[in-house]
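These notes concern the structure reproduced below.
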Amino acid sequence: MSMTEPHARVKILRDLLNYYSYRYYITHDPAVTNQEYDALYQELVALEANDPQLITADSPTQRAGSDLSEDFAKVEHPAPILSLSNAYSAEDLWAWQERNQKLLPEQTVLDYTLEPKLDGLTLVVTYEHGILTQAATRGNGIIGDDVTPNVRTIRNIPLRIPVEESSLTPPAKLVIRGEVLFLLKDFEALNRAQLEQGLPIYINPRNTASGALKQKDSRITATRPLTAYFYDVVTGLNEHEVNPANRWERLNYLRELCLPIAPDVAHLPDMQAVIDALPTWEARRRTLGFEIDGVVVKVNNLRLFQELGIVGKDPRGAIAYKYPSQEASTRLNSVTISVGRTGRIVPTAQLEPVFVGGVTISNATLHNYDFVAQHDIQLGDRVIVKRSGDVIPYVVGPIVGDRNGEEQAILPPEQCPYCQTMIAHPDGVVDYYCPNTECPERIFRQLDFFVSKGGLDIEGFGTQTVKQLLDQGLIANEADIFLLTREQLLTLEGFKDKKVDNLLQGINLAKTRPLTQVLTALGIEGVGGTVAKLLADHFNTIDSLEQATVDNLLTVDGIGEVIAETVVAWFADPYHRTLLAKLKAVGLTFESQARQRDSDALQNLSFVITGTLPTLTRDEAKTLIEQHGGSVKTSIGKQTSYLLAGESAGSKLDKAQKLGIPILTEADLIARIVAHTGA
Ligand code: IVH
């Protein structure tokens, strides 16, 4: 622990952490490891807990969220938060320029900024003397909702600017405007987590961002990783010496204050250059990592922008060039049902073909029956369908006003359409399932997954081959794949010597895939790559995983109740037991090769480490515990078996004592291991 007095130390910690998050979230070149960051962060938490007086609004600990926010207070914006008029073609843009030219002195040359039109929500953020003091939604443009505690949880918004030492001092009061959104990777991760917990998935990033920002409890917002990009100054610069005269400089000014601004903003000399840049933007769209619904063209010169004025709530000096709508309406004719490898049933809407965002679609996912019920979607409805990014088109909802009374409810099937088994609807999950592990459709989907890139990645083994082999009765389960012979494969249509050799080689190679990959390929619901790795690292062999109870599984950091139960149920199924025996017999990898365990002395025990240990570092203690079969978690709960405590242990020690969790010293731990191994 540091010798500096708390007040000074807290300030140093705040500065460091603020700077390190900037390096991590904005410049993407982390200056320290996550562990180093966490250690400093924990030190700050401890100091602040000791003396709450030391907590300041710009402390990184304030991102954790607070439960104090009630209904939102209202905030009056210092200037109207304007909107944008739209253009849909190059002609529209030329016409817009011409209208503007007429309002300006002859010979005025207009240059422009070109920015992505971020498909999120407007955010208005106030910094006072560089400290984030307020954040509000657009509201009605004049008055917005105060969402400050929620916005403090957004990692890439600095709580204090500038983060990096620079010659810039922000004005006494700086109000800036930007957009809050989900990066697609964060959105996908959020949905994976939802799926793994049996919870409904979020449908689109924009609405989910909106929902997250408007949570009453900012701790919930803190669990939804939002991102913000800023693009404008609402007020604050006029009275300040730094007074960028154009938008381009303004964007750079924001960047210099270490605020996040949208990637790929451009400064272009004239309208022709803007128009020439449009195709590049359209192509870039798919790789941006977040959704945009167009680009925004703005008059660069701020004096001219001002002079052009406002019509209604749209400034004349800026325009949104919008991409063709990705939504359309059409009739929902019928619903088909697909059964996935885990038995999960997904309803798909069969539509009157309709042209959306450049392609004709005739079916769209309905996600699940909860979604259908929540949105009151009925057979025969006119529905809105949407395509966004690369995701499969989905039904947004019905146009209720268009109903004629002949619509019919969409209900989950009673029997599996492929094997006629009664459909199951387990408690606490949204989805319906075909529970029959021998359902032909499930087997086909599982085999297809097993050989795919996401599974064992068997080269030359595609969906078509899976179908052929099943049809010919050459395989019935995963293990059969490894028993295929040259002669059998040569009987398949289109399979000649070379193709057969390649396939056999691919199959052979698959036997060497590591345990994590084998576990993933088994297709246990909720066990994707991440969870499979947790399981492989903890249990080391499929045999010990097979014997694990729900309680054992719950000691693994990152495994929750739903997954624990699914895993246990999967291994309890006789069909899966037989399958595993066969897979083992054909020589698949059933053990982690990397880290062979030293012993089982701490098998199924979970530890939390606190304070400074006499000889081991925390990492060494963690490795030691894991090498002997135990696991290490970061927070204490009822599942914790022992607290390993060293010098100057803090709040964790109190908590362990309160919960009656036994406390071990480093010497106790080592004695336990030695007693077991006799080393
Ligand atoms: S500028 C001059 N720039 O689009 C100030 N708006 O359809 C007017 N938006 O309400 C706004 N990205 O929420 C501007 N780069 C960008 C934008 C952007 C997204 C949103 C903004 C606005 C809406 C208008």
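Computed from a predicted structure; not experimentally measured. We number each residue from 1, following the sequence as shown. When a ligand or atom number is given, it counts from 1 through the structure's own listing order.
- With atom 22 (C) of ligand 1 as the reference point, the heavy atom nearest to it among R177, R138, K313 is part of R177.
- Ranking the protein heavy atoms by distance from atom 15 (N) of ligand 1 puts E115 OE1, 3.0 Å first.
- Between the choices K117, K298, R247, the shortest heavy-atom distance to atom 3 (N) of ligand 1 belongs to K298.
- If you number the atoms of ligand 1 from 1 as listed, the ones under 4.0 Å from a heavy atom of S83 come out as 8 (C), 24 (C).
- Nearest protein heavy-atom contact of atom 12 (N) of ligand 1 is L118 N, 3.0 Å.
- For ligand 1, the atoms lying closer than 4.0 Å to a non-hydrogen atom of V296 are 3 (N), 15 (N), 16 (C), 17 (C).
- Checked by distance only, ligand 1 and E179 come closer than 3.5 Å through their nitrogen or oxygen atoms.
- In this structure, CG in N156 is found 10.0 Å from OG in S21, a value given to the nearest 0.5 Å.
- Under the 30°/60° scheme for interplanar angles, the aromatic rings of F371 and H367 are found to stand perpendicular.
- A cation-pi arrangement is found for R247 relative to F305, the charged atom lying closer than 6.0 Å to the ring centre and inside a 45° cone about the ring normal.
- Heavy atoms of other residues, nucleotides or ligands lying less than 6.0 angstrom from CD of Q306 number 12 at most.
- Between P315 and ligand 1 there is a heavy-atom distance shorter than 4.0 Å.
- Using a 4.5 Å heavy-atom threshold, the side chains of W94 and I275 count as touching.
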Would you check, one step at a time, whether the test salt bridge (charged side-chain N to carboxylate O under 4.0 Å, His left out) holds for D145 with R138? CA-CA 7 Å; D145 277 332; R138 177 173 185 277; over 6 Å; no

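- Here the heavy atom of the protein found nearest to atom 14 (C) of ligand 1 is Y231 CE1, 3.3 Å.
- Heavy atoms only, all atoms of each residue included: S218 and T153 are closest at O-CG2, 3.7 Å.
- Using a cut-off of 4.0 Å between Lys/Arg side-chain N and Asp/Glu carboxylate O, D376 and R403 are scored as salt-bridged.
- For atom 13 (O) of ligand 1, the nearest non-hydrogen atom of the protein is T122 OG1, 2.5 Å.
- Proximity of P116 to ligand 1, defined as any heavy-atom pair under 4.0 Å, is confined to the backbone N, CA, C and O atoms.
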